[in-house]
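Reading through the structure tokens given below for one structure.
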Protein chains: 2
Amino acid sequence: MADIKHFDPDATLETVVRLFWKQGVAATGVQDVVNATGLNRSSLYSTYGGKQQLYLAALNRYVTVRSQPVFQQLAEDERGLPAIADFFRGLISARTSGEHARWGCLVSNAHAGAESNDQEVRAVLDRHHQELCHALRSALETARREGQLTDAADPASGAELLALLAYGVNVRSRAGGDARSLRRTVDAALDSLRAPG
Amino acid sequence: MADIKHFDPDATLETVVRLFWKQGVAATGVQDVVNATGLNRSSLYSTYGGKQQLYLAALNRYVTVRSQPVFQQLAEDERGLPAIADFFRGLISARTSGEHARWGCLVSNAHAGAESNDQEVRAVLDRHHQELCHALRSALETARREGQLTDAADPASGAELLALLAYGVNVRSRAGGDARSLRRTVDAALDSLRAPG
DNA sequence: GCTATCTTGAAACGTGCGTTTCAAGATAGC
DNA sequence: GCTATCTTGAAACGCACGTTTCAAGATAGC
């Protein structure tokens, strides 16, 4: 029978994610992928297809591995506003320090590129947005039950507001926006939703 | 003496702005610029330098011609919160309908690209951010004087919040975020700053 | 261990990129 | 109108891109 693959496609895809994430899709050539993964072009193309399909696979992996676990944790957190505050603290920390500092968010970055016109890419971005909003809404509804919100605050539109704020954090952090300023901004947003007293 | 240019460099640059804005920098080739402007490569290179310098010039023109007038109008508007509401109404309208629908914002898009690592590009993005924040802060301070704000709202951090929100609008609108949802989100943000009664 | 089947390595594919070149064309001063 | 000087047109530059090809190598069933 046939030979088997001499590499781990999943581990390889993780390497590709980091390339596209850090450098951007357009600035990352197939040669870069070959260099970083150690794969041969034959293996690359027979496994993933071409560059566009590789990008789509990387984008999906990013959402599944990076975004969704954080969203789920937020949605299941029973603390309400403190859960949201922690979510943003973690976000800003990841965006401004450590290994991925100034990389932004692969999904947010994808919005700005020419790839966002691609139908399949667009679907991933929409799914990501919906899941982010859903998690934030869950946390806000918990906060409402706990009496943490002002009467005026609506969980649905509040969730979309915080989602757009997260995109803003992702965008500005990639261009060097500092953590202190971002944290202060997020705190102001949460304060504006908080019940007096 | 010498010959003079047979074209208007400023009008040409406006054409280039629209190319980079709509398609993205990476997806726009020099050939696209040649086709759209009718210029010869010789004239292009002798006037602007290379592609990177052309992009920088376009980015500067965008900020000067598109952003700054709107910022200035906002800063000088004496109505307070209604001025901010109009600012966002105009933004969302421009981003979701008409000629530039789904183009996003050239500056926001630049944040996500590999160009945001360029020092000169970064400087333009920082200047844009600072000017946007300043205009929003002026309007918020007017609102404060008019008694339109809650006591908890701080003009400085409120301005940064609204600025990040604007980036969020720019990002999501490029990927097809609908106007109604964006308007609802912005209204929620402004409601959260508004004084009760 | 033979063989069918898939994977891998290395090279080359054609295309389009950003950039340069330079002769021909156009202008303004004398 | 001659000339010095800049602009323009057209072609070519070398290079890197994404992709394809195919023989050599590796595997699992018989």
Side-chain angles (χ1 to χ4, degrees), chain A residues 1-59 109-110 113-121, chain B residues 1-60 110 113-121:
Chain A
M1 287 285 274
D3 195 359
I4 59 170
K5 286 195 195 306
H6 300 177
F7 67 98
D8 179 356
D10 206 52
T12 295
L13 197 54
E14 174 60 26
T15 302
V16 174
V17 165
R18 299 160 65 84
L19 275 181
F20 285 150
W21 187 4
K22 180 177 183 181
Q23 314 179 12
V25 200
T28 302
V30 173
Q31 186 61 49
D32 294 327
V33 176
V34 168
N35 292 342
T37 62
L39 284 192
N40 193 274
R41 298 169 114 83
S42 303
S43 308
L44 254 179
Y45 276 82
S46 70
T47 304
Y48 303 101
K51 188 190 180 184
Q52 179 68 18
Q53 292 159 266
L54 182 60
Y55 173 61
L56 197 61
L59 197 60
N109 297 346
E115 318 87 53
S116 68
N117 277 336
D118 180 286
Q119 188 183 358
E120 297 182 283
V121 170
Chain B
M1 286 285 277
D3 194 357
I4 58 169
K5 287 194 195 305
H6 299 177
F7 66 98
D8 179 356
D10 206 52
T12 295
L13 197 52
E14 174 60 25
T15 303
V16 175
V17 165
R18 300 160 63 85
L19 274 182
F20 285 150
W21 187 4
K22 180 178 185 181
Q23 314 179 11
V25 200
T28 303
V30 173
Q31 186 60 51
D32 294 328
V33 176
V34 168
N35 292 342
T37 61
L39 285 192
N40 192 274
R41 298 169 114 83
S42 304
S43 308
L44 253 180
Y45 276 82
S46 71
T47 304
Y48 303 101
K51 188 190 178 184
Q52 179 67 19
Q53 292 159 266
L54 182 59
Y55 173 61
L56 197 61
L59 197 60
N60 269 306
E115 320 85 52
S116 67
N117 276 337
D118 181 286
Q119 189 183 358
E120 297 182 283
V121 170

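Naming: A, B, ... by sequence-line order, numbering from 1 per chain.
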**Request:** Name the nucleic acid region contacted by B:Thr28, choosing base, sugar-phosphate or nothing; use a 4.0 angstrom heavy-atom cut-off, strictly under.
**Result:** sugar-phosphate
**Request:** Check whether any side-chain heavy atom of A:Thr28 sits under 4.5 Å from a side-chain heavy atom of A:Val33, and report yes or no.
**Result:** yes
**Message:** What is the distance, to the nearest angstrom, from the CG atom on B:Asn40 to the C1' atom on D:dG9?
**Reply:** 5 Å
**Fill in**
Between NZ of A:Lys5 and C1' of C:dG9 the distance, given in whole Å, is 15 Å
**Request:** For C:dG29, give its Watson-Crick or G-U wobble partner with both distances under 3.5 Å, or none.
**Result:** D:dC2
**Message:** Please report the distance, rounded to the nearest Å, between CG in A:Leu19 and P in D:dC17.
**Reply:** 13 Å
**Request:** May I ask you to check whether over 12 heavy atoms, not counting those of B:Glu120, lie within 6.0 Å of atom CD?
**Result:** no
**Message:** Rounded to whole Å, please give me the gap between CZ in A:Phe7 and C1' in C:dC6.
**Reply:** 12 Å
**Prompt:** Of B:Lys51 and B:Ser42, whose closest DNA chain C nucleotide lies nearer the 5' terminus?
**Reply:** B:Lys51
**Request:** Would you give the length of the straight line joining atom CZ of B:Phe20 to atom CG of B:Leu13, rounded to the nearest 0.5 angstrom?
**Result:** 9.5 Å
**Prompt:** Roughly how many Å is it from CD in B:Gln31 to C1' in D:dA11, rounded to a whole number?
**Reply:** 13 Å
**Message:** Test your reading of the model: is there a side-chain donor-acceptor pair from B:Ser46 to the backbone of B:Ser43, 3.5 Å cut-off?
**Reply:** yes
**Asked** Rounding to a whole Å, what distance do you find between B:Glu115:CD and C:dG18:P?
**Response** 13 Å
**Message:** Return the OG1 to CG distance between B:Thr15 and B:Asp32, rounded to the nearest 0.5 Å.
**Reply:** 13.0 Å
**Request:** Look through every strand shown and name the nucleotide pairing with C:dT15 as Watson-Crick or G-U wobble, where both distances are under 3.5 Å.
**Result:** D:dA16
**Prompt:** Do A:Arg41 and D:dT19 have a side chain to base donor-acceptor pair shorter than 3.5 Å?
**Reply:** yes
**Prompt:** Which residue, B:His6 or B:Gln52, contacts DNA chain C at a nucleotide closer to its 5' end, judged by nearest heavy atom?
**Reply:** B:Gln52
**Message:** What is the separation between atom CG on B:Asn35 and atom C1' on C:dC17, rounded to the nearest whole Å?
**Reply:** 14 Å
**Request:** Can you tell me the pairing partner of D:dA23 across any strand shown, Watson-Crick or G-U wobble, with both distances under 3.5 angstrom?
**Result:** C:dT8
**Message:** Can you confirm whether B:Thr12 sits close enough to B:Tyr48 that some side-chain heavy atom of one is under 4.5 Å from a side-chain heavy atom of the other?
**Reply:** yes
**Prompt:** Has the side chain of B:Asn60 got a donor or acceptor atom that lies under 3.5 Å from a matching backbone atom of B:Ala57?
**Reply:** no
**Request:** Ignoring backbone atoms, test whether B:Ser43 places a side-chain nitrogen or oxygen under 4.0 Å from the OP1 or OP2 oxygen of D:dT8.
**Result:** yes
Polar atom pairs between nucleotides 28-30 of chain D and protein, under 3.5 Å, N or O only, would you list them?
{"residue": "D:dA28", "atom": "N3", "partner": "A:Met1", "partner atom": "N", "Å": "2.6"}

**Request:** Rounded off to whole Å, could you give me the CG-to-C1' distance for the B:Leu44 and C:dT20 pair?
**Result:** 14 Å
